[in-house]
Number of protein chains: 4
Amino acid sequence: MPTEKVDYRRIATEITEKIKSGDLAPGEKLPSTRQLAEQYGVHISTINRVMTILKDRGLVEGHPGKGVYVAEPTQSS
Amino acid sequence: MPTEKVDYRRIATEITEKIKSGDLAPGEKLPSTRQLAEQYGVHISTINRVMTILKDRGLVEGHPGKGVYVAEPTQSS
Amino acid sequence: MPTEKVDYRRIATEITEKIKSGDLAPGEKLPSTRQLAEQYGVHISTINRVMTILKDRGLVEGHPGKGVYVAEPTQSS
Amino acid sequence: MPTEKVDYRRIATEITEKIKSGDLAPGEKLPSTRQLAEQYGVHISTINRVMTILKDRGLVEGHPGKGVYVAEPTQSS
DNA sequence: GTGGTCTAGACCACG
DNA sequence: GTGGTCTAGACCACC
């Protein structure tokens, strides 16, 4: 099934891929929400939604005032 | 410490509990987004965020034009 | 520009094609709303929306109580 | 017989006139669906139907989250 | 500056 | 009427 369609899901998938593939390593800092918003051509709120999902999936950790970092893998697949 | 934090996470937890406990059975229809918003005293957007998470967790399925339903359990604990 | 693949637009396109190609001849009667809904696997109201567009395009004419008929071509392309 | 038009067609015509006459200029934002509904004294769904037609005619463009805008004229008559 | 929550409201597609 | 996606910007807390 072609999941890809809407922005926030597409972006969530792309970032997830980068993490799974190691393109974004554990502990690494993601660009700021503002930067990501501009980069993907969407509103900050949309990036926030993406981060809400990624955090819920345990893929990233947000540190207010500092940034969002790739989480250390636990025991997922 | 863990006094249930923010609205959306608290609500997501509450609904998750109801599903896990069987209070909300698989196939059952949840109240409409608008109703839930009023019931929890938050804006529709907040409920939408909750549903985004619950759907991502595979706990519920949204059927546009009809409603949100508790998903059939797959292989959870 | 893309043909947009949402149901109502897709169906409108398909029927338009059939008319343009002569597969559906002027004066010919279309299947009932109910039949079309079942045929395309959508809700009746979606077919109604399609018909609203087709009528606006001057491709079909509705005759209440009788049915929807392919319109006589005027001078469109 | 009088013009015999139903609401949605009448409104579609009125707005089309405003666009053709330049009363509503290209790029200009239309009032929100809700406002138009109130203004014309009809239900929101009626306005939605009007917009479906206007979009199909290529007269307006919807931008989710922002509004509906008068389209740049292409090459109609 | 950063992330994060929440409100508010827009259009959209479908029933 | 339903869910869904998106924009926009409020306000907060942290650094």
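First the proteins, then the strands, lettered A, B, ... as listed; each starts at 1. When reading the values below, keep in mind they use all heavy atoms of this one structure, side chains included, and skip hydrogens, waters and symmetry mates.
- Counting only residues at least two apart or in different chains, side chain to side chain donor-acceptor pair (under 3.5 Å) contacts with residues 41-51 of chain C comprise C/H43-C/S45.
- Heavy-atom neighbours of A/K18 NZ from other residues, nucleotides or ligands within 6.0 Å: at or below the threshold of 12.
- Between D/Y8 and D/I53 the shortest side-chain heavy-atom distance falls below 4.5 Å.
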Watson-Crick and G-U pairing of DNA chain E written in dot-bracket, each distance under 3.5 angstrom, with | for inter-strand partners: ||||||||||||||.

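- The shortest side-chain heavy-atom distance between A/V42 and A/L36 does not fall under the 4.5 Å cut-off.
- Contact annotation: the side chain of B/L30 approaches that of B/M51 to within less than 4.5 Å [non-hydrogen atoms, C-beta and beyond].
- For the pair B/Y40 OH and E/dT7 P, the computed distance is 14 Å after rounding to whole Å.
- Against DNA chain E, the stretch residues 22-37 of chain B makes no heavy-atom approach under 4.0 Å.
- Among pairs with a residue in residues 27-37 of chain B, none fulfils salt bridge (Lys or Arg N to Asp or Glu O under 4.0 Å), at least two apart in sequence or across chains.
- Among residues two or more places apart in sequence or in another chain, the side-chain contact (heavy atoms from CB on, under 4.5 Å) test is passed with D/T16 by D/K20, D/L54, D/R57, D/L59.
- By the side chain to side chain donor-acceptor pair (under 3.5 Å) test, B/D7 pairs with B/R10, sequence neighbours left out.
- Scored by the side-chain contact (heavy atoms from CB on, under 4.5 Å) test, D/Q35 finds D/P31, D/S32 as partners (sequence neighbours excluded).
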Review item, nucleotides 13-15 of chain F N/O atoms under 3.5 Å of protein N/O:
none

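- Taking CD of A/E14 as the reference point, atom CG of A/D23 lies at 11.5 Å (rounded to 0.5 Å).
- Rounded to an integer number of Å, the gap from CG of B/D7 to P of E/dA8 is 13 Å.
- Non-hydrogen atoms lying under 4.0 Å from DNA chain F are contributed by nothing in residues 45-57 of chain C.
- The interatomic distance linking B/H43 (NE2) with F/dA8 (P) rounds to 17 Å, in whole Å.
- When rounded to the nearest whole Å, the span between CD1 of B/I44 and P of E/dC12 equals 18 Å.
- With E/dT5, F/dA8, E/dA13 as the choices, the nucleotide that has an atom nearest any side-chain atom of B/Y8 turns out to be E/dT5.
- One finds the OG1 atom of C/T52 at 10.5 Å from the CG atom of D/D56 (value rounded to the nearest 0.5 Å).
- Annotation: D/E38, atom CD; neighbour count of heavy atoms from other residues, nucleotides and ligands within 6.0 Å does not exceed 12.
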Can you give each donor-acceptor pair under 3.5 Å made by side-chain atoms of residues 63-73 of chain D, sequence neighbours left out, with the distance rounded to 0.1 Å?
none

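- Residue B/H63 contributes atom NE2, which lies 14 Å from atom P of F/dT5 at whole-angstrom precision.
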